[in-house]
Protein chains: 4
Amino acid sequence: MSESLDDVLDHRTRVGQARRQKMLDRLIEASIMVFAERGLNGTVIDHVVRCAGVSRGTFYNYFDTIEDALETARIALGREVVLLVNDTVDAELPPAKRVALSLHVFIELARQHSLLLEFSARLGRHSFSFGSVLCQVEPGFHADGVQSGAFRDVPEELILDMLEVGTIAILGRVMAGEEVDVEAFVAAMLRVYGLGFEESVEAAMRPDPLVLPSIPDDSLLARGSVAWAKSHP
Amino acid sequence: MSESLDDVLDHRTRVGQARRQKMLDRLIEASIMVFAERGLNGTVIDHVVRCAGVSRGTFYNYFDTIEDALETARIALGREVVLLVNDTVDAELPPAKRVALSLHVFIELARQHSLLLEFSARLGRHSFSFGSVLCQVEPGFHADGVQSGAFRDVPEELILDMLEVGTIAILGRVMAGEEVDVEAFVAAMLRVYGLGFEESVEAAMRPDPLVLPSIPDDSLLARGSVAWAKSHP
Amino acid sequence: MSESLDDVLDHRTRVGQARRQKMLDRLIEASIMVFAERGLNGTVIDHVVRCAGVSRGTFYNYFDTIEDALETARIALGREVVLLVNDTVDAELPPAKRVALSLHVFIELARQHSLLLEFSARLGRHSFSFGSVLCQVEPGFHADGVQSGAFRDVPEELILDMLEVGTIAILGRVMAGEEVDVEAFVAAMLRVYGLGFEESVEAAMRPDPLVLPSIPDDSLLARGSVAWAKSHP
Amino acid sequence: MSESLDDVLDHRTRVGQARRQKMLDRLIEASIMVFAERGLNGTVIDHVVRCAGVSRGTFYNYFDTIEDALETARIALGREVVLLVNDTVDAELPPAKRVALSLHVFIELARQHSLLLEFSARLGRHSFSFGSVLCQVEPGFHADGVQSGAFRDVPEELILDMLEVGTIAILGRVMAGEEVDVEAFVAAMLRVYGLGFEESVEAAMRPDPLVLPSIPDDSLLARGSVAWAKSHP
DNA sequence: TATGAATGAGTGTTCATTCAT
DNA sequence: AATGAATGAACACTCATTCAT
């Protein structure tokens with residue numbers, strides 16, 4: 001019936017932290033949108049705070065620099081994407097199929113969410129990259145593939161580099177509205193892994209239908225896409 | 001013994017044009033150096049004019065914006081590199097060998113001229129790219145390769161994209177001082193073209209000794225490297 | 001056995017006041033330390049509250065502005081120093097001796113407590129001053145000295161000015177780590193009072209040993225010095 | 001009848017330098033006025049540029065920081081004052097008389113030019129000081145005085161300190177509109193030098209009439225005073 | 001054509017102050 | 001009374017661009 005002092009303090013602490021987290025989310029969401037729209041060198045702190053509808057000073061309560069905001073945003077968005085891709089790709093598939101499917105899912109995800117597409121394409125290596133997504137989804141994956149004979153012995157950092165910059169290049173073309181032969185790209189990536197031509201083409205085929213992960217309503221991607229749609233009619 | 005008025009005017013015009021060209025060269029050289037050092041977003045007009053030893057106003061007599069200066073600089077430097085690579089690579093070699101050799105020459109050229117290395121690696125796709133070098137060296141090359149069966153039928157823009165961003169990624173690692181397995185990279189690129197693994201490894205081997213083009217003393221690369229060496233001891 | 005309502009309220013009031021006083025002391029101590037460290041224009045409210053380990057808002061419950069905090073701090077510290085000096089200087093000594101001894105004690109006190117030294121030297125006339133110390137220790141002292149023939153008839157505010165700014169200048173040199181001839185300074189001050197050269201030199205001699213006041217453990221100076229020592233190793 | 005290229009360049013150079021010097025003077029004059037009005041911590045770059053009627057950017061073409069502007073201003077104004085005082089004080093006078101006269105002239109100068117008064121009083125030791133004026137007017141002066149027996153052997157830095165902070169204190173009172181006994185102050189300063197009381201009083205007497213230096217119309221002091229008068233009716 | 005001073009919009013950063021909890 | 005997040009005015013500094021000489 002009556003609260004102790006501790007209860008009160010605890011309550012305050014909890015409420016305070018929740019509010020803080022909420023503001024942080026708001027800023028992150030705004031950062032993602034602005035960076036997606038204007039790229040790394042086109043966005044300034046003012047854009048972010050205006051998009052978030054908060055004051056200049058508030059930004060500095062959460063970040064030190066605009067790069068810091070980007071860093072935080074890309075980590076948050078990257079984590080979500082990793083989980084989504086992870087949910088979709090069956091761990092039992094053979095390595096080449098898994099790489100191919102991951103790529104297809106990631107690219108299709110970007111196709112369907114311009115927010116993600118523009119964020120990735122415009123920030124390039126300053127965004128989280130498909131390479132890092134793959135690494136986080138399955139560390140040790142490349143070594144296993146080599147050992148099982150699915151892949152050839154190609155330096156891992158070379159593969160990750162090519163996956164990363166290759167995906168960025170593809171997304172750039174998608175963003176530009178070009179027709180893109182995604183299967184050809186995926187096949188090329190598999191050949192970087194060491195697959196032969198026919199194998200690569202075979203494994204790169206896109207499943208039909210391509211099953212996409214379901215996106216929680218309160219995810220950055222969902223909320224961001226809604227806001228994005230409003231401002232990009 | 002005496003000159004006509006026309007002669008005089010003509011002489012003046014010629015002298016004027018020569019002076020203008022000289023100033024332009026000076027600004028281009030300065031631009032290359034500054035962009036190589038500070039990248040796209042780190043360089044401002046002041047850096048260029050101070051490096052060239054001219055006044056602010058002069059810059060605007062030759063360029064509209066700093067991006068304009070970069071554009072001019074990359075075209076000039078790109079043209080030189082195209083010629084150099086062209087000089088070195090024997091047009092009689094089989095297609096895969098020619099791609100491989102071009103890549104080796106280009107990368108080695110960059111290795112030996114930090115100016116070129118840093119310009120390419122730091123500017124990335126804002127620099128001229130290896131892809132465009134290859135296109136200019138031999139347009140129609142890819143189609144011929146496909147027709148002759150040397151390459152498989154892979155979309156040309158995909159290949160050029162991968163060559164471009166792949167080379168940039170490799171140069172980035174070289175610039176960072178990392179050990180880079182260039183042959184593995186070249187082989188991967190050849191597999192993008194559709195070669196099988198063994199063929200790709202075979203064709204990607206770097207000739208020993210690798211013959212580099214001789215660089216004219218009055219080229220941008222030569223003059224720039226000298227100036228570069230002075231300021232980067 | 002049971003308390004009346006009045007008793008309860010009274011108790012609450014007393015407890016509340018004690019708590020308030022405690023917080024005030026904490027803020028004053030923090031203010032002294034921060035101002036000693038960063039001077040008048042280098043310190044902002046945040047420094048004080050962080051040093052005191054309280055929240056921003058609390059500051060405003062006790063002070064209106066940062067200058068207000070300084071004012072309160074200097075008065076509190078000034079009062080302590082006055083008492084300390086007063087304790088040490090024998091009221092029976094002849095006037096010149098008393099001035100000289102006060103100066104020696106004050107300067108030595110500052111020498112031994114960097115907190116006091118830096119607070120005084122860095123804040124200058126925004127600190128409490130030796131002049132005001134003397135005034136509070138013995139009002140009417142100057143007039144008495146003149147009447148008794150110990151001092152000449154020199155405008156009192158002139159003397160206080162010179163004592164104040166002179167002491168600050170000396171402390172500045174001490175803080176800077178210079179060798180300072182304190183006796184020469186004291187003699188000069190006595191000559192401002194009107195003493196002849198030889199007299200001034202004679203009266204300015206520092207007693208050996210110089211007896212310093214004992215500093216209560218719960219004084220600002222003692223507590224501040226302990227905290228100061230922790231943060232200035 | 002015709003100019004050579006060299007002549008043209010030379011002319012341009014001279015014109016350019018003259019213009020630059022003029023703008024510098026304008027900024028210095030504005031700096032002096034603003035600092036005199038608002039003190040060290042009250043003035044910001046905007047005040048100076050608005051007072052000078054130029055743009056923000058222009059300030060940075062001449063100074064790095066506001067402190068830099070102050071430094072430049074104090075040196076310029078200090079130099080003028082040194083010359084003025086120097087012009088007035090007869091080098092043949094005995095040392096004590098010279099010190100006394102210098103002080104009288106300086107203080108009277110400040111009295112008659114509020115610009116100088118407020119600049120000195122408000123900036124305190126951040127202004128040029130009387131001590132430094134004296135040093136520049138006659139280096140070696142103190143040592144000579146000691147050797148000739150006019151002064152006693154008192155540490156020179158002590159004397160300069162006292163002259164400096166003492167003069168500032170006096171000017172502060174003058175600025176505040178108080179009645180100030182300047183002769184008593186001068187006498188006190190002479191006693192710091194080691195003079196006996198009667199000698200000090202005798203030598204400190206202000207000549208009547210006190211001859212002041214004539215101030216050139218294009219001096220900072222003259223121009224500044226005119227501008228000052230306009231804005232301080 | 002070359003010069004370089006002047007401009008001012010744009011941006012980052014600080015910090016006193018308010019206020020809901 | 002204590003907290004600390006939010007605010008926004010104030011200020012420093014940069015840099016592309018213009019223009020008189």
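Per chain, numbering begins at 1; letters A, B, ... match sequence-line order.
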Worksheet item: Under 3.5 Å, is there a donor-acceptor pair between the A:E37 and A:H47 side chains?
Response: no
Worksheet item: Judged by atom type as modelled, is there a donor-acceptor pair below 3.5 Å linking the side chain of B:S231 to the main-chain atoms of B:W228?
Response: yes
Worksheet entry | Heavy-atom contact window of chain B on DNA chain F, given 5' to 3' at under 4.0 Å | F:dC15 to F:dT18
Worksheet, complete the sentence: Output field dot_bracket for DNA chain F (Watson-Crick or G-U, both distances under 3.5 Å, | for other-strand pairs) contains .||||||||||||||||||||
Response to the item:
Comparing nearest nucleotides in DNA chain F, the 5'-proximal residue of the pair D:T65, B:T65 is D:T65
Worksheet item: Between CG of D:L220 and CZ of D:R79, what distance do you get to the nearest 0.5 Å?
Response: 10.0 Å
Worksheet item: Is the side chain of D:S31 donor-acceptor paired with the backbone N or O of D:L27 at a distance under 3.5 Å, no angle test?
Response: yes
Worksheet entry | Distance in Å, C:F119 CZ paired with C:I32 CD1, rounded so as to fall on 0.5 Å steps | 6.0 Å
Discussion item. As an exercise, state the distance from CZ of D:R38 to CD of D:E118, rounded to the nearest 0.5 Å.
Written reply: 12.5 Å
Discussion item. Give me the atom names and distance for the closest heavy-atom approach of D:F63 to D:D68.
Written reply: CA-OD2, 3.5 Å
Practice prompt. Give B:R20 one of three labels, base, sugar-phosphate or nothing, depending on what nucleic acid heavy atoms sit under 4.0 Å from its own.
Written response: sugar-phosphate
Response to the item:
Those residues at least two apart in sequence (or on a different chain) that pass side-chain contact (heavy atoms from CB on, under 4.5 Å) with B:A30 are B:V48, B:C51, B:A52
Worksheet item: For the pair made of OH in A:Y62 and P in E:dT13, what is the distance, rounded to whole Å?
Response: 19 Å
Fill in: Of residues 22-60 of chain D, the positions that come close to DNA chain F - non-hydrogen atoms, cut-off under 4.0 Å
D:V44, D:I45, D:R56, D:Y60
Worksheet item: Does A:H126 have any ring pair (Phe, Tyr, Trp, His ring centres under 6.0 Å) partners at least two apart in sequence or in another chain, and if so, which?
Response: none
Worksheet item: Quick one: on DNA chain E, does C:I66 or B:N61 contact a more 5' nucleotide (nearest heavy atom)?
Response: B:N61
Discussion item. By the 4.0 Å heavy-atom rule, please label D:F63 as base, sugar-phosphate, or nothing.
Written reply: nothing
Discussion item. Rounded at 0.5 Å granularity, tell me how far CE in B:M23 sits from OG1 in B:T58.
Written reply: 5.0 Å
Worksheet entry | Qualifying salt bridge (Lys or Arg N to Asp or Glu O under 4.0 Å) pairs with a residue from residues 20-35 of chain A, counting only residues at least two apart or across chains | A:E29-A:R223
